[in-house]
J.: 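Take a look at the following structure, please.
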Amino acid sequence: MSGAGSFPETLTEQAKALAARQFSSVELTQHYLDRIKRLDPQVNSFISVCPELAFAQALAADTARARGEAGPLSGLPYANKDIFCTTGIKTTCASRMLANWRAPYDATVVRNLAQAGMVMLGKTNMDEFAMGSSNENSWFGPVRNPWDLERVPGGSSGGSAAAVAARLAPVATGTDTGGSIRQPAALCGITGLKPTYGRVSRWGMIAFASSLDQGGPMGLSAEDLAMLMNVMAGSDPRDSTSVQRPPEDFTSQLALPLSGLRIGLPREFNDGNLSAPIAASVAEAAATLEQLGAALVDVSLPHAGMAIPAYYVVASAEASSNLSRYDGVRFGHRCEAPKDLADLYSRSRAEGFGAEVQRRILVGTYVLSAGYYEAWYRKAQQVRRLIQSDYARAFENVDVLLGPTTPSTAFRLGENADDPLTMYLSDIYTTGVNLAGLPGLSMPGRAVGNLPVGLQLIGNYFGEQRLLQIAHQYQKQTGWHLARPAFAEL
Ligand code: GLN
C-alpha cells in the first residue's frame, strides 16, 4: 500500500482490484497525480505531467469496464519515457534541441498501450537523447534517487526508474541502448526488462543508436513486466527491424518451476570492477536459484572486457548519424539571427545539444571518417561479432546467464560527472547484451545497506519468458523486490 492511500502498488494487484470494482481508474489516476504533484519536486522524475489526457483515458477505461469491455490492462496508469513520441504532449528527449517539440504522431508503443486502455500519467525525465548512466545529462535537471536523494537514479531511463521506486507510477516505459533500462532499475531497486532486439517496435522512439536501441517495461515485479510486455511487444510494419513472430502471452510461463534449468555464471563478470557486496548478492541469488532446482554452471565470455570500447564506438557512430537531422532547419532548436547557413547549423547545434551529446557526435564522426573508419568503426564491428559468438557459445550449454547489473550501487550526484570514462564503466555488464541483441533483465537482490543491488539475467534470443519466469520464482522466494524506500511512505 502506498503511504498516501489504500491502493495496492503492483500492476498485477491493481488489475485485480479494478476488475473487482474496488476502485475506479479515475480514482487510481487521481491518487498518482496527487503524489506526483506533492512529491515529484523532490525527485524530478517527470518532464511533463498530463492530467487532462490521463483523466480522459481513465474515464474511457471506466466506461469500457462498465460496458463489460475492459481488457487486462484497462485503466492502469503508466509513466512514459520522454523518448517515445506522443501527439499533444511534448516529446523532448530531455534536450534543449526538442524542448518544445510536439510530435505529429504517437509511437507504436504509445499507441499499443493506449489501445490496451492504459492511462499515461506523464513523460519521464532521462539523460539527453538517452546518453548517460546517471540522469545528470538532462536539460531539465538531474533526477534524484528515492532511496537517497543525494544519489543518482542511474540512466538513461532514470526518471522512469525513480518514478516507479517513489510510487509515482506503478510501471513505466524505458529504452535500453547499452543498459538504460537495467542500470537505473538496479540503482532504484525495481525490475526492468530489455527485450531481444526487434521485439518491441522502435517506430516513434527517438533514435540514439538504431542497431542497439530497444524499448521495454520497468516495474515492481516480473509479473508486472510480463503484463506490460503483452501489449508493448509485437511486429510492426512501420519498423523494418521489428521481428515477425506470433504474439506470445508473456505471463504464461511465470508459474513454471525452475527444476532442470541450467544457469551460467560468467567468470568475467567477477572482475576487478565489481564491488564485493554486489558479488555477494549475486552469489546468494545463485544459491537461491539452485535451491529452487536450477543447476549452476561456470561459463566464460572471453571478450566481455571489450564490450565498453566496442559499444562506445558503435553507439557514437550511429548517434552522430542519427543526430544530424537536428540542424535547426528541419528539426530542433534554431539560434537567433544567424549570419549565414553555416552559422545557423553550428550555433543551433552548439546551443541545442549538451556536452555529453556533443562529445558523442564528435567521437562518432571521428570513427566514421575516412582514414579512421577501418581502425575504429570496422574494428568495433568485428569485436561486436566476437562478443555475439561468446554468448552463442555460452547458450549451447546453459539456458540463461546470471551476473550483476552494475559494478557499484548508486553513486552520489556529481561524483562521476567530470569523468566520462568512469561513468561509462557503469555499463560494463550491460553493453555486451545490446551488442549481441539479446534480452536482459535486472531485478533487486540483497541490498547493500539502504542501497538496492541489481541482479542481471541474460537470455538467448526471444527468451524473455524464461527470464520473467526465473525472476518471478526468485521474487516469490525472496521478496527483495518488495523492499521500498522510506520516500515511498510519504
Ligand atoms: N549509459 C550508456 C550510454 O551512455 C547506455 C545508454 C542507453 O542505454 N541508452 O550510452
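Numbering of ligands and ligand atoms starts at 1, following listing order. Note that the structure is predicted; figures quoted are calculated from it, not measured.
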J.: Could Glu248 and Arg199 be called an ion pair, given the rule that one side-chain N must be under 4.0 Å from one carboxylate O?
T.: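 Yes.
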
J.: List the atom pairs, with distances to 0.1 Å, where a side-chain N or O of residues 275-283 and a protein N or O form a donor-acceptor pair under 3.5 Å, not counting sequence neighbours.
T.:
| from | atom 1 | to | atom 2 | distance (Å) |
| --- | --- | --- | --- | --- |
| Ser281 | OG | Pro277 | O | 3.4 |
| Ser281 | OG | Arg446 | O | 2.7 |

J.: Less than 6.0 angstrom separating the ring centers of Tyr105 and Trp203, yes or no?
T.: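 Yes, the ring of Tyr105 comes within the 6.0 Å limit of the ring of Trp203, centre to centre.
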
J.: How about Asp82 and Asn125: does a side-chain donor come under 3.5 Å of a side-chain acceptor?
T.: no

J.: List for me each residue that meets side chain to side chain contact (heavy atoms under 4.5 Å, CB included) alongside Ala114, sequence neighbours excluded, and say none if there are none.
T.: Gln57

J.: Listed by chain and number, what are the side-chain hydrogen bond (donor to acceptor under 3.5 Å, both in side chains) partners of Tyr377, not counting sequence neighbours?
T.: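 Checked Tyr377 against side-chain hydrogen bond (donor to acceptor under 3.5 Å, both in side chains); matches are Gln381.
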
J.: Give the residues near ligand 1 by chain and number, with the criterion being a heavy-atom distance under 4.0 Å.
T.: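 Answer by chain and number: Ala130, Met131, Gly132, Ser133, Ser156, Asp176, Thr177, Gly178, Gly179, Ser180, Phe208, Tyr311, Tyr312, Arg360, Asp427.
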
